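Encoded as structure tokens, the structure appears first; notes follow it.
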Amino acid sequence: RMALESGLTYTHLRSTFKSGDENFYISSVQRLGYIGVPLNVAYTLWQGNGFSVYASAGGAVAKCITGKIDTETMRRPHTGKAPTSPGSCP
């Protein structure tokens with residue numbers, strides 16, 4: 001017996017990026033939303049006593065429907081003070 005399976009999916013992805021050092025850095029958060037339609041074909045190989053064995057193959061098509069990126073730049077103010085402990089670097 002063969003069956004065709006389909007549906008509708010929504011996927012939300014979130015990524016964070018940070019670049020720089022303790023004195024200056026850029027931090028970004030990216031959010032993406034995808035809507036997709038999966039399509040599978042399943043074939044039942046054996047069925048009996050509430051148990052079945054089947055093979056399935058398929059794929060999906062997805063489209064990005066929302067996207068947003070928030071970026072923050074941080075800079076630590078330079079105090080201009082000399083090092084207070086021996087052996088430290090400015």
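Atom set for the values below is all heavy atoms of this structure, side chains included, hydrogens, waters and symmetry mates excluded. Because the structure is predicted, anything quoted here is derived from the model rather than measured.
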What's the separation between atom [atom1] in [X] and atom [atom2] in [Y], rounded to the nearest 0.5 Å?
X	Y	atom1	atom2	result
R31	L13	CZ	CG	12.0 Å
K18	I26	NZ	CD1	12.0 Å
L45	S52	CG	OG	9.5 Å

Any idea which heavy atoms bring [X] and [Y] closest together, and the distance?
X	Y	result
Y54	A42	CD1-CB, 4.4 Å
G36	P38	O-CD, 3.9 Å
G33	Y10	CA-OH, 3.5 Å
G59	N40	N-OD1, 3.8 Å

Is there side-chain contact between S19 and F17, with at least one heavy-atom pair below 4.5 Å? no
If we only count heavy atoms from C-beta on, is the L32 to T66 side-chain gap below 4.5 Å? no
Under the rule for side-chain contact (heavy atoms from CB on, under 4.5 Å), what residues qualify as partners of T16, not counting sequence neighbours?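 Testing T16 for side-chain contact (heavy atoms from CB on, under 4.5 Å), a comparison that skips the adjacent residues, returns R14, V29.
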May I ask you to check whether over 12 heavy atoms, not counting those of F24, lie within 6.0 Å of atom CZ? yes
Same apolar cluster: M2 and W46, side chain cutoff 4.5 Å: yes
In one Ile/Leu/Val/Met/Phe/Trp/Tyr side-chain cluster, 4.5 Å: Y43, F51: yes
Full working for side chain to side chain contact (heavy atoms under 4.5 Å, CB included) between V53 and T44: CA-CA 6 Å; V53 176; T44 303; over 6 Å; no
